[in-house]
**Q** 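Can you read through this structure? Questions will come right after.
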Amino acid sequence: MSETPPAQDADTSAPVLSIRDLTVRFGQAAPVLDGIDLDIGRGELLCVVGESGSGKSVTALAAMGLLPPAAQISATRMMLGDKAGDVDLAGLGERQLERLRGNRMAMVFQEPMTSLNPVMTIGRQIAEPLIRHHGLDAGEARTRALEMLRQVHVPAPEQRYAQYPHQLSGGLRQRVMIAMALVCRPALLIADEPTTALDVTIQSQILRLIDELRAELDTAVMFITHDLAVVSEIADRVAVIYAGRIVEEGRRAQIFEDPQHPYTLSLFASMPRLVAEDVSGGGRLAPIGGQVPAPGNMPAGCRFAPRCPFAVTRCMAEVPPLAAPAGSAGDGHRVACWRAPLEETLG
Amino acid sequence: MTPPILELSGLTKSYTAGGAAVAHVVGGVSLKVGRGETYGLVGESGSGKSTIGRLSLRLVEADAGTIRFGGIDLRALSGRELKRLRRRMQIIFQDPFSSLDPRVRIGTALAEPIRLHRLRRGAEVDQRVEELLATVGLSPAHRHRYPHEFSGGPRQRIAIARALAVEPELIVCDEAVSALDVSIQAQILNLLEDLQRDLGVSYLFISHDLGVVRHMAARIGVLYAGRLVEEGPAETIFADPRHPYTRMLLAAAPRLFAGPGAAPRTEIAGAPPSPFDLPPGCAFASRCPFAEARCRTEAPGPDSYRDAGRRAACWRSAELPPQAAEESTARMSPAFRRRLDLLHTARREALA
Ligand SMILES: Nc1ncnc2c1ncn2[C@@H]1O[C@H](COP(=O)(O)OP(=O)(O)OP(=O)(O)O)[C@@H](O)[C@H]1O
Ligand SMILES: Nc1ncnc2c1ncn2[C@@H]1O[C@H](COP(=O)(O)OP(=O)(O)OP(=O)(O)O)[C@@H](O)[C@H]1O
Ligand code: SF4
Ligand SMILES: [Mg+2]
Ligand SMILES: [Mg+2]
């Protein structure tokens, strides 16, 4: 990604999260993240999509400073910029990160039970960071926590306040997680597959909720998912990640109307609904052959080459740069493929 | 005529939760799964999908109703007889981890049910294990590995291989692909379809993903608060839903190609009724835009509406205006379509 700010109607002149050349390695194997660049502006929602194992969660955890000590992390920039000023995330110690988390940046995980404390009432769990980070007294914190529960549409918040996580349904738990994440009005919210396990009804409620809250609080959101229909509904911009690299990036309309990368196309082609309406032919689903390469076994050139039906010799040897596709107006759409745009190179 | 592989009639289940409180979880469900057919069961969280899956195999006991498996009355069987029959029916869950013992190698896990049911003996057991691994697209070497060495997709393949080990006629797939990414999901769905074609397995396919169910199922049943509110051939359900809840469910699904002009995704406001306190009339009345006075007092029977292999539990089904599910590809851009075609052509050429 270049230094030019993404074209956006929201005020994104100074990104809330700005990452350059983020590389993460576990042990001696090839990096699991290899030169990731990301910007998320105020009130902007960036969707990160890609198959299982492509590096979505590692990206999120790196930004939150939550990777295990075994991870070797390098980046030329890791900035959190909000009203309280810019912070260089890479330079922070654990204590300082702890102070930012849940306060200026927060994360929602796929499985709420992993991050909810099973022996603490949900009310206390929401109120606690207000006391810890903002010095509110217990009464004020309770009032704000109840307000937050109401804001995430938890019915009967007073009764729920005193309940434990196991007494709630999955959808309610996820909302409680979001309330916890947002109660300190963070500048950055990272949501890692927050709706994957939920049915459409609850899913749509939670998507709307995140959307409302970002409009209201101007929160920058990184939304990780592999559900392209969800992406089409909520994304301002989309980053498609494969084997630790961003292979395509653009505004939602660019990805959904003008997808360029063979990997992006392949993700779409695996979707049942495209077959149901017989676009891809034969009535059969079209999964991507093979697997995401393991870190110990990364191809030298384009990492998608072994699975790509368009691959040519060059693809095996040289890494394609992430650049504006030929003929695009330099408006934020970028693709890393030697053969894009396909209709031209295929002649 | 051979009886359907699974036939539920008037199936009912409730749970007591301390004191007098009774949760009515499944209320008089009747459905048939034909041989070699996929029956899709959809509905909101808590609507009773998993409970019906388990009741069907008698993993939990029903309060009332009958369950016929290939014509055999399951509820009349003794424990011993049931155990013998269990071989012919299997269940696969969303989390394949939960059904695999982490300390047991894959080969052993697959061999165990084969030995238990004496389907093969001696060296034939090993041979069968290899065959099963091959069927689900894994290599013979995988038998020596432990479950944790596999990621989501392969692990779900192992769960399927284990279900297949006993040569079942019916597999209940309870959100079996819900946690997988689109590509692995597509692989597993293709595998399930292949198995159906080659072995004639029938599926009771439970999922909250309407796109997946539409692709897989010949018939679909829509569940609300423990009752089937609509049932019929998949195409009809999508092209002409006759129950207000089905319509809402379809309208609430996210659209792949939204964009300007697309019908907006609508939310189903409110929540389903508590199973402890079901209303006297139609359970959907409190959320239904079509509800009239009668709906709140008198519950419509499961086939108060009937038409061409389809039924709906609604007083007003016949009056509802047409509402087809929007074709999500109608708004696909020409560039998208062209590149998708290039992809398919390139794949075909790569294969040739
Ligand atoms: N703690 C760790 N130690 C070693 N390798 C790791 C660790 N965490 C992640 N990885 C590796 O990093 C790669 C990216 O993993 P990541 O969890 O980011 O994938 P993901 O895109 O979030 O996938 P999913 O959709 O399954 O959540 C994988 O190859 C994974 O095995
Ligand atoms: N053992 C049990 N004791 C009491 N109530 C139960 C029990 N098992 C299920 N229930 C209740 O029965 C109802 C239906 O549950 P079930 O798991 O069948 O729903 P589901 O449609 O599969 O939902 P999901 O989509 O969330 O998996 C729920 O209200 C649930 O709380
Ligand atoms: S660079 Fe080559 S291998 Fe990589 S996606 Fe493009 S065509 Fe395929
Ligand atoms: Mg992840
Ligand atoms: Mg269930």
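Source: prediction; values computed, not measured.
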**Q** Quick one: CZ on B:Arg339 to NE2 on A:His261, what's the gap to the nearest 0.5 Å?
**A**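 Those atoms lie 12.5 Å apart.
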
**Q** Show your reasoning for whether side-chain contact (heavy atoms from CB on, under 4.5 Å) applies to B:Ser333 and A:Asp258.
**A** CA-CA 8 Å; B:Ser333 76; A:Asp258 184 26; over 6 Å; no

**Q** With side-chain contact (heavy atoms from CB on, under 4.5 Å) as the test, would you mind laying out the steps for A:Met271 and B:Gln185 before giving the verdict?
**A** CA-CA 9 Å; A:Met271 294 195 66; B:Gln185 179 176 299; over 6 Å; no

**Q** Quick one: CG on A:Leu285 to CG on B:Asn190, what's the gap to the nearest 0.5 Å?
**A**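 The CG atom of B:Asn190 is 4.5 Å from CG of A:Leu285, to the nearest 0.5 Å.
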
**Q** Passes side-chain contact (heavy atoms from CB on, under 4.5 Å), B:Glu193 versus A:Arg284? Steps please.
**A** CA-CA 9 Å; B:Glu193 284 184 333; A:Arg284 217 165 140 74; 4.2 Å; yes

**Q** Can you tell me how far the CG atom of B:Asp181 sits from the NZ atom of A:Lys56, to the nearest 0.5 Å?
**A** 6.5 Å

**Q** Can you name the nearest heavy-atom pair linking B:Leu343 to A:Pro262, along with the distance?
**A**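 The answer is CD1-O, 4.4 Å.
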
**Q** Of all of B:Asp194, B:Leu189, B:Val42, B:Ile184, which one pairs up most often with chain A through heavy atoms under 4.5 Å apart?
**A**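 Maximum pair count with chain A is reached by B:Asp194.
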
**Q** Is chain A contacted by the side chain of B:Ser45, its backbone, both, or neither, given a heavy-atom distance below 4.5 Å?
**A**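 Both the backbone and the side chain of B:Ser45 come within 4.5 Å of chain A.
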
**Q** Please assess B:Val182 against A:Phe268 for the test side-chain contact (heavy atoms from CB on, under 4.5 Å), listing each intermediate value before the final yes or no.
**A** CA-CA 8 Å; B:Val182 279; A:Phe268 278 111; over 6 Å; no

**Q** Do you know which two heavy atoms are closest between A:Pro287 and B:Ser183, and how far apart they sit?
**A** CB-O, 3.4 Å

**Q** To the nearest 0.5 Å, tell me how far B:Thr345 OG1 sits from A:Leu342 CG.
**A**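 So the OG1 of B:Thr345 and the CG of A:Leu342 are separated by 11.0 Å.
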
**Q** If you measure from CZ on B:Arg347 to OG on A:Ser266, what distance do you get to the nearest 0.5 Å?
**A** 4.5 Å

**Q** So which atom in B:Gly211 and which in A:Pro272 form the shortest heavy-atom distance, rounded to 0.1 Å?
**A** O-CB, 3.7 Å

